[in-house]
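Right, one structure below, let's go through it.
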Amino acid sequence: MKIWVDADACPVVIKEILFKAAIRTEVEVTLVANQTINVPSSRFINSIRVASGFDVADNEIVQRCDAGDLVITADIPLAAEIIEKGGHALNPRGEMYSTNNIKARLTMRDFMDTMRSSGIHMGGPPALNKTDRQVFANQLDKFLTKNK
């Protein structure tokens with residue numbers, strides 16, 4: 001089992017939690033981004049730089065991800081593709097996407113996109129806070145305990 005990170009938009013504090021978990025559990029974590037990402041020196045932590053472009057990093061993750069792998073992403077369409085492939089997806093706020101909730105999340109995402117396209121702007125999500133970080137860390141630990 002490996003962990004793949006949609007690293008372009010992943011908050012630094014979440015990456016730090018993932019680095020600690022990789023070293024502690026000896027699970028390979030690979031960050032995928034269209035820019036260079038500095039990672040700690042560890043045989044369990046890697047990064048892949050892909051070309052710039054729409055969904056290039058997402059496509060790389062989908063291509064490399066195997067059933068049972070975990071993907072860290074806030075990108076709901078990417079999460080849906082990973083789940084369809086037999087993988088698991090966790091967002092940086094600690095919500096585990098599943099076959100039970102991904103369709104509802106996609107529907108809401110599409111609705112919000114339609115609203116924005118119509119000129120209605122409702123703002124983005126609130127900043128990641130301490131509670132979000134703790135929920136993420138707990139979900140990650142729970143997943144690793146169950147699946148490692």
Side-chain angles (χ1 to χ4, degrees), residues 1-114 116-117 124-129 131-148:
M1 193 259 314
K2 296 179 181 178
I3 298 174
W4 300 93
V5 182
D6 184 6
D8 285 320
C10 187
V12 172
V13 301
I14 299 302
K15 290 175 193 167
E16 291 169 356
I17 291 168
L18 289 163
F19 296 154
K20 290 175 186 175
I23 294 165
R24 185 182 76 246
T25 63
E26 299 184 349
V27 171
E28 185 178 335
V29 171
T30 302
L31 287 80
V32 181
N34 61 20
Q35 59 189 341
T36 301
I37 304 275
N38 293 322
V39 298
S41 179
S42 168
R43 65 187 178 111
F44 302 109
I45 304 170
N46 307 294
S47 67
I48 297 172
R49 183 176 179 187
V50 297
S52 294
F54 186 71
D55 286 344
V56 176
D58 296 357
N59 293 338
E60 186 74 19
I61 292 169
V62 171
Q63 182 180 32
R64 291 177 180 254
C65 182
D66 291 321
D69 287 356
L70 175 64
V71 173
I72 309 302
T73 185
D75 185 308
I76 297 169
L78 172 58
E81 284 189 75
I82 295 303
I83 290 167
E84 187 176 308
K85 203 172 173 183
H88 307 275
L90 175 64
N91 81 18
R93 293 180 185 275
E95 180 184 9
M96 185 67 75
Y97 297 115
S98 68
T99 54
N100 295 329
N101 68 15
I102 197 65
K103 287 183 182 176
R105 298 300 180 275
L106 279 168
T107 300
M108 181 56 78
R109 176 204 172 270
D110 292 344
F111 172 73
M112 297 302 286
D113 191 43
T114 300
R116 283 188 295 275
S117 296
L128 200 70
N129 62 39
T131 301
D132 296 326
R133 293 189 299 265
Q134 189 61 55
V135 170
F136 175 83
N138 290 344
Q139 281 287 45
L140 179 64
D141 283 343
K142 181 178 171 183
F143 179 86
L144 290 172
T145 299
K146 181 178 176 185
N147 294 286
K148 182 171 183 282

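Quick note: numbers below take in every heavy atom, side chains included, and nothing from hydrogens, waters or symmetry partners.
Looking only at distances, no side-chain donor or acceptor of Asn138 sits under 3.5 Å from a matching main-chain atom of Val135. Looking only at distances, a side-chain donor or acceptor of Asp8 sits under 3.5 Å from a matching main-chain atom of Asn34. Asp69 places no side-chain N or O within donor-acceptor distance of the main-chain N or O of Gly87, the cut-off being under 3.5 Å. Between the Asn101 side chain and the Ser98 main chain, a donor and an acceptor come within less than 3.5 Å of each other. In terms of modelled atom types and a separation under 3.5 Å, the side chain of Lys148 and the main chain of Val27 share no donor-acceptor contact.
Residues Phe136 and Leu18 come closest through the heavy atom pair CZ-CD2, 4.0 Å. Here the closest non-hydrogen pair linking His88 and Asn147 is NE2-OD1, 4.5 Å. Nearest heavy-atom pair across Ala22 and Ile45 is CB-CG1, 3.9 Å. When all heavy atoms of Ala89 and Ala79 are compared, the pair lying nearest together is CB-CB, 3.7 Å. The two residues Ile14 and Pro92 have their closest heavy-atom pair at CD1-O, 3.4 Å. Nearest heavy-atom pair across Val13 and Arg133 is CG2-CD, 3.2 Å.
Taking CZ from Phe44 and OG1 from Thr25, the interatomic distance works out to 8.0 Å, rounded to the nearest 0.5 Å. Taken from CG in Asp55 to CD in Glu81, the straight-line distance is 8.0 Å, to the nearest 0.5 Å. Atom CD1 of Ile37 and atom OG of Ser47 lie 7.0 Å apart (nearest 0.5 Å). The OG1 atom of Thr145 lies 9.0 Å from the CG atom of Leu140; values are rounded to the nearest 0.5 Å. To the nearest 0.5 Å, atoms CD (Glu28) and CG (Asn46) are separated by 5.0 Å. Interatomic distance, Asn91 CG to Asp6 CG, rounded to the nearest 0.5 Å: 11.5 Å.
More than 12 heavy atoms of other shown residues, nucleotides or ligands fall within 6.0 angstrom of atom CD in Gln35.
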> Stepwise, does the side-chain contact (heavy atoms from CB on, under 4.5 Å) test hold for Phe143 with Leu90?
Replying inline: CA-CA 9 Å; Phe143 179 86; Leu90 175 64; 5.9 Å; no
> Given the rule in the side-chain contact (heavy atoms from CB on, under 4.5 Å) test, do Val71 and Tyr97 qualify, once you have shown the distances and angles that lead to the verdict?
Replying inline: CA-CA 10 Å; Val71 173; Tyr97 297 115; over 6 Å; no
>> Test side-chain contact (heavy atoms from CB on, under 4.5 Å) on Val29 and Lys15; report intermediate values, then the result.
In response: CA-CA 10 Å; Val29 171; Lys15 290 175 193 167; over 6 Å; no
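Each of Val5, Val32, Leu31, Thr73 was compared with Cys10 under the side chain to side chain contact (heavy atoms under 4.5 Å, CB included) criterion, and only Val5 meets it.
The shortest side-chain heavy-atom distance between Ile3 and Leu144 falls under the 4.5 Å cut-off.
The closest side-chain donor-acceptor pair between Gln63 and Asn59, if any, does not fall under 3.5 angstrom.
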